[in-house]
**Student:** 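Would you mind keeping the following structure in view while I ask a few things?
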Amino acid sequence: MRNPIIGGNWKMNTDKASAVALARGVLSAAAASPGPEVVVFPPFPYLLPVKEALSHPTIGGRTVAVGAQDVYHADRGAFTGEVSPLMLRDCGCTWALVGHSERRHILHEGDDNINLKLRSALHAGLSVILCVGESLHQRDVGETNHVNEKQTRLGLREVKAEEIDRVVIAYEPVWAIGTGKTATPDDAQDAHEHIRRVVADIFGRDAAERIRIQYGGSMNPSNAAELMAMPDIDGGLIGGASLKPEDFGKIIAAAAAAARVLG
Ligand code: PEP
């Protein structure tokens with residue numbers, strides 16, 4: 001049984017005070033729905049105050065982890081503007097996101113770069129969410145599985161067998177991110193199933209059964225339950241709705257309910 005994971009990608013939103021308030025809201029919401037793993041990804045400048053807000057007092061022993069929205073692939077040195085995995089660890093982060101479609105498409109990050117980031121984050125002891133997903137054009141021409149397979153294979157290249165359990169894959173169709181459009185549960189399930197088969201091909205069936213594949217793309221309180229009811233959808237990566245603790249809390253509750261049914 002895979003424990004669902006709900007991630008809140010705050011993107012370039014909040015200021016220091018609202019980030020701390022949001023973190024407290026998420027902690028309360030998570031405490032109301034024990035079970036699913038919860039991690040938030042604030043902007044870099046707010047990692048420390050958010051970590052602090054989530055550290056004490058914990059509510060009902062519930063923890064909410066903190067992750068970075070991106071990471072550089074070297075530990076230190078002359079890389080102006082970059083942030084290393086060791087620095088993230090030092091700030092109390094336990095997670096990093098790599099390959100988010102906004103970084104792929106706006107900042108032109110390619111699969112090789114994403115793979116370097118993923119491996120160096122794992123090497124430093126972080127857990128990593130690798131985002132993959134097709135564009136609308138790729139979907140229209142029937143390339144969804146091909147694109148997801150390529151991004152998964154290249155993203156996970158040279159990852160060691162003992163590291164794969166610290167990887168989560170987020171299937172995020174690009175056309176669904178921030179648009180209000182969501183993949184149907186059946187379409188999302190097909191994509192997740194294919195990605196799991198790819199992981200099985202690389203790392204074996206047991207690892208593929210263990211790996212969590214979450215859905216991202218306009219997930220909200222109204223569609224979360226039906227998406228997470230699908231057998232290969234193990235939670236969600238949430239953008240817009242993660243900025244509202246009440247909505248985010250409802251999505252965590254939906255994940256907890258889905259896990260009870262699927263479990
Ligand atoms: C995301 O940024 O990963 C995302 C899924 O955003 P949204 O939920 O706003 O579509």
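Read the numbers this way: they start at 1 and go in the same order the structure lists the ligands and their atoms. Since the model is a prediction, treat every value here as computed from it, not as a measurement.
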**Student:** If only atom types and distance count, is the side chain of Glu82 paired as donor or acceptor with the main-chain N or O of Phe79 below 3.5 Å?
**Tutor:** no

**Student:** Can you name the residues that form a salt bridge (charged side-chain N to carboxylate O under 4.0 Å, His left out) with Asp112, not counting sequence neighbours?
**Tutor:** Arg157

**Student:** Can you work out which protein residues put a heavy atom within less than 4.0 Å of ligand 1?
**Tutor:** Asn9, Lys11, His100, Glu172, Ala176, Ile177, Gly178, Gly216, Gly217, Ser218, Leu237, Ile238, Gly239, Gly240

**Student:** From His192 NE2 over to Arg212 CZ, what is the distance, rounded to the nearest 0.5 angstrom?
**Tutor:** 13.5 Å

**Student:** Would you check if there is a donor-acceptor pair between the side chains of Ser222 and Asn220 at a distance under 3.5 Å?
**Tutor:** yes

**Student:** Not counting sequence neighbours, which residues clear side-chain hydrogen bond (donor to acceptor under 3.5 Å, both in side chains) with His194? List them please.
**Tutor:** Glu149

**Student:** Suppose we screen for side-chain hydrogen bond (donor to acceptor under 3.5 Å, both in side chains). Which residues come up paired with Asp232, at least two apart in sequence or across chains?
**Tutor:** Gln189, Arg196

